[in-house]
Amino acid sequence: MEDTRDLAERTSRSERKRRDSFGMFDGYDSCSEESTSSSSSEDSEDEVVPSIPANLPIIKNNGQVYTYPDGKAGMATCEMCGMVGVRDAFYSKTKRFCSVSCSRSYSSNSKKASILARLQGKPPTKKAKVLQKQPLMAKLAAYAQYQASQQNQAKSKAVVAADSFDWGHYICNNNTEGAPVSCFKHAPMGTCWGGIAEGVRLEVINSDTNLPAKVYWIAEIIKLAGFKALLRYEGFDSDNSKDFWCNLCIPEVHPVGWCASSGKPLVPPKSIQHKYSNWKAFLVKRLTGAKTLPPDFSSKVQENMQFPFKKLMRVEVVDKNYLCRTRVALVEQVIGGRLRLVYEESEDGSDDFWCHMYSPLIHNIGWSRSIGHRFKRSDVSKKLEGQRDAPPQIFQKVKDVDQCEEWFKDGMKLEAIDPLNLSAICVATVRKVLADGYLMIGIDGSEAVDGSDWFCYHSASPSIFPAGFCEINDIELTPPRGYTKLPFKWFDYLRETGSVAAPVKLFNKDVPNHGFRQGMKLEAVDLMEPRLVCVATVTRIVHRLLRIHFDGWEDEYDQWVDCESPDLYPVGWCQLTGYQLQPPAAQSNRDAAASVPKQKKKTPQYKGQKKKRKIPVGRRPFSQAGRRRSFSGEEEQSLPPYPTKGPTRPRTHLHPNHKSESTLRMKEEAAEADDFTFSQTISDQESNGSGSYYIKQEP
């Protein structure tokens with residue numbers, strides 16, 4: 001009888017696994033705690049456990065077996081696998097996971113589930129479960145097929161489709177404004193938007209007519225939001241009943257006078273056709289002294305939509321699985337200046353990476369060798385037909401620096417935006433000084449032993465800051481993981497680690513007059529999944545640093561971005577270039593999420609093994625103890641450490657004999673005549689002007 005029962009259970013498990021093999025719910029947490037718990041138990045059915053009473057459920061944690069206590073006092077549920085067990089036996093201080101393995105899996109998979117939810121227009125979930133490791137597009141297609149089949153049974157949800165998102169309706173309903181095109185120098189027309197403003201007249205198609213032929217009429221710009229403008233036909237005066245939004249860069253928009261020179265008819269809208277008997281006299285009176293588009297506006301738009309990068313050009317780009325090195329990739333697609341790059345060793349073209357052509361993550365072939373950066377050699381022996389190296393002159397130029405005088409040194413401390421968590425500015429260290437002003441940076445307390453998570457910033461990068469920048473500008477600084485002496489104080493930390501803060505004068509202090517204002521709308525790349533361009537808002541401005549919030553999503557998804565970042569675009573950029581825009585989460589879902597009280601984030605004291613941090617691009621590799629996994633899930637060998645010119649000085653503590661060697665260049669000490677010190681007089685100032693930055697030079 002028992003054999004028959006065991007056989008039936010195995011058959012049932014086999015069928016359930018077959019049903020899940022398509023990955024239909026991969027990355028989408030639709031399972032209940034009961035079903036999740038059972039599936040987690042099945043995954044470990046071959047493990048041998050000690051004999052325990054059948055009436056007491058078990059939980060396994062790092063090889064140990066615990067049983068439920070009577071009354072289920074002190075119980076906890078694993079947020080990854082759904083297993084329920086003794087709270088004291090759970091991993092980490094927060095007791096959210098039953099084991100180190102679940103903690104790592106949750107860290108690797110939660111972002112994938114969040115992206116899937118975002119594409120469906122849903123708010124991110126707290127839990128994430130990935131049952132199969134399949135490409136994201138395959139999962140989305142499978143889920144879309146499932147959703148279509150269940151449409152009649154499921155409740156309809158208010159989800160805004162990406163192709164039906166209406167920027168004009170969204171801006172008017174929320175009474176907001178879009179950032180002007182002139183804020184985006186890298187975008188089409190960014191440098192020649194000029195005097196296009198409210199009150200400018202232009203000729204557009206007249207949609208308020210019964211005529212079968214295409215006719216035109218003059219309209220006035222009432223409001224501007226990026227490339228899009230709210231237009232009102234001439235003659236409606238204060239009547240806004242026929243107002244409409246239009247992208248000014250489409251071919252159907254022309255300067256006043258185009259119809260006359262092109263032989264096209266100007267016909268007043270039928271709603272006001274009776275209003276004036278002499279429309280010619282009305283137009284002459286109304287248009288005298290008015291501004292219109294430049295006569296070459298259309299040709300400039302076409303000119304600005306041409307890009308130097310072409311398909312099959314070869315470039316060096318950051319390895320999205322090992323940020324410390326670069327790889328060769330081929331340009332597969334160019335959309336509005338954004339490049340879809342496919343790594344050269346990818347056989348099916350699925351191992352790709354999206355970035356803008358002016359991104360600091362791509363370089364010409366030979367760049368890595370010239371500055372001493374790590375580089376993964378390609379196994380491809382010869383170039384395919386049509387491939388050629390992208391010429392160096394089409395890449396974004398960096399600022400020339402003089403490294404002969406006082407310069408960055410290995411071990412110097414600073415503050416940096418964490419590329420693996422762009423909502424955080426962290427305590428960081430210069431790990432290696434490269435040529436041409438480039439630096440390898442590591443986040444304190446979160447670094448891999450082999451340096452595989454170091455990342456390269458140029459010394460002029462606006463993403464690195466001197467020690468004390470966050471304190472002066474009232475930004476939360478993320479302390480090193482495991483650092484218990486809170487609140488964090490730079491002076492104490494430098495003394496304890498025997499370290500030196502990088503001199504303030506070495507950092508980029510330029511603040512352009514960028515024109516951004518708090519609350520402005522724009523389209524922004526989600527740099528944690530860089531193929532997505534989303535509806536976003538500028539929520540804070542600190543000199544040249546912008547805090548970007550993705551509309552409809554929690555603040556933890558916010559990202560710190562430079563005002564000149566090529567990953568920010570004006571409203572209407574996606575429509576102009578044909579790129580897919582990700583809309584905000586549905587209003588009903590946002591309201592439901594807002595009703596849940598949010599707790600203030602706290603940095604927990606870290607105990608136990610080091611967790612793997614989020615990888616910012618694509619689908620992250622799944623990790624196992626002691627091994628790194630590639631994009632496809634295959635294991636890779638750890639990278640060799642950077643070569644050093646001499647013995648490395650330990651900086652983990654301050655030895656009494658080293659006190660004379662350590663220098664604390666902080667505001668607590670008196671500054672020398674040529675030293676830069678922090679200016680507290682502008683500590684609370686958030687400026688978008690080109691004036692003073694966050695430091696001043698003492699006389």
Side-chain angles (χ1 to χ4, degrees), residues 166-168 171 177-208 214-236 242-269 283-284 286-308 334-338 356-358 514-515 520-523 566 568-579 581:
D166 186 348
W167 257 120
I171 287 176
E177 61 176 330
V181 175
S182 55
C183 292
F184 310 87
K185 305 302 182 186
H186 58 280
M189 303 297 292
T191 57
C192 51
W193 196 245
I196 300 177
E198 296 176 4
V200 168
R201 265 70 166 195
L202 34 84
E203 294 178 354
V204 294
I205 293 177
N206 180 5
S207 58
D208 185 19
K214 185 186 291 186
V215 295
Y216 294 81
W217 189 241
I218 295 170
E220 178 185 358
I221 297 178
I222 303 299
K223 184 174 183 177
L224 267 176
F227 289 118
K228 299 185 77 70
L230 180 63
L231 303 180
R232 181 175 300 168
Y233 288 124
E234 201 65 65
F236 275 88
K242 295 294 181 179
D243 289 2
F244 62 99
W245 285 87
C246 177
N247 194 312
L248 295 182
C249 292
I250 62 175
E252 289 79 13
V253 175
H254 307 281
V256 173
W258 177 84
C259 285
S261 60
S262 303
K264 303 293 182 181
L266 274 175
V267 179
L283 289 180
V284 169
R286 186 62 66 92
L287 298 179
T288 300
K291 292 183 179 180
T292 187
L293 296 177
D296 60 346
F297 183 79
S298 181
S299 61
K300 281 187 176 181
V301 172
Q302 295 300 320
E303 216 175 276
N304 277 258
M305 292 297 290
Q306 303 301 315
F307 307 102
V334 183
I335 303 179
R338 289 190 61 77
H356 193 271
M357 63 182 183
Y358 294 148
H514 47 70
M520 281 183 168
K521 299 291 183 182
L522 68 163
E523 299 175 3
L568 303 178
Y569 307 103
V571 168
W573 178 87
C574 282
Q575 180 190 13
L576 174 63
T577 61
Y579 205 95
L581 176 65

What pair of heavy atoms forms the shortest contact from [X] to [Y], and how long is it?
X: Cys259; Y: Tyr216; result: SG-CB, 3.5 Å
X: His356; Y: Gly336; result: NE2-O, 4.2 Å
X: Thr292; Y: Leu202; result: OG1-CA, 4.3 Å
X: Phe227; Y: Pro188; result: CZ-O, 3.2 Å
X: His254; Y: Glu252; result: CD2-O, 3.6 Å
X: Pro265; Y: Val215; result: CG-CG1, 3.7 Å

Those residues that, when tested against [X], pass side chain to side chain contact (heavy atoms under 4.5 Å, CB included) (two or more places apart):
X: Ala229; result: Ile221, Leu224, Leu231, Leu248
X: Lys291; result: Val200
X: Pro269; result: Asn206, Asp208, Trp217, Tyr233, Phe236, Ile272
X: Pro295; result: none

So, taking the atom named [atom1] in [X] and the one named [atom2] in [Y], what distance separates them when rounded to the nearest 0.5 Å?
X: Trp193; Y: Cys249; atom1: CH2; atom2: SG; result: 4.5 Å
X: Met305; Y: Thr577; atom1: CE; atom2: OG1; result: 6.0 Å
X: Tyr569; Y: Leu576; atom1: OH; atom2: CG; result: 12.5 Å

Once side-chain hydrogen bond (donor to acceptor under 3.5 Å, both in side chains) is applied, do any residues pair with [X], and if so which ones, sequence neighbours excluded?
X: Asn247; answer: Gln575
X: Trp167; answer: Glu523
X: Trp258; answer: Ser262

Salt bridge (Lys or Arg N to Asp or Glu O under 4.0 Å) against [X], all qualifying residues, sequence neighbours excluded:
X: Lys223; value: none
X: Glu234; value: Arg201, Arg286
X: Arg232; value: Asp243

Enumerate donor-acceptor pairs with a distance under 3.5 Å from any side-chain N or O in residues 296-304 to protein atoms, sequence neighbours excluded.
unit_1: Ser299; atom_1: OG; unit_2: Asp296; atom_2: O; d: 2.8
unit_1: Asn304; atom_1: OD1; unit_2: Met189; atom_2: N; d: 3.1
unit_1: Asn304; atom_1: ND2; unit_2: Lys300; atom_2: O; d: 2.7

query: Should the ring pair Trp573 and Tyr579 be called parallel, tilted or perpendicular, given that the plane angle runs from 0 to 90° and is split at 30 and 60?
result: tilted
Please table the atom pairs, donor to acceptor, closer than 3.5 Å between any side-chain atom in residues 177-187 and protein atoms at least two apart or in another chain.
unit_1: Glu177; atom_1: OE1; unit_2: Arg517; atom_2: NH2; d: 2.8
unit_1: Glu177; atom_1: OE2; unit_2: Arg517; atom_2: NH2; d: 3.1
unit_1: Lys185; atom_1: NZ; unit_2: Ser182; atom_2: O; d: 3.0
unit_1: His186; atom_1: NE2; unit_2: Leu568; atom_2: O; d: 2.6

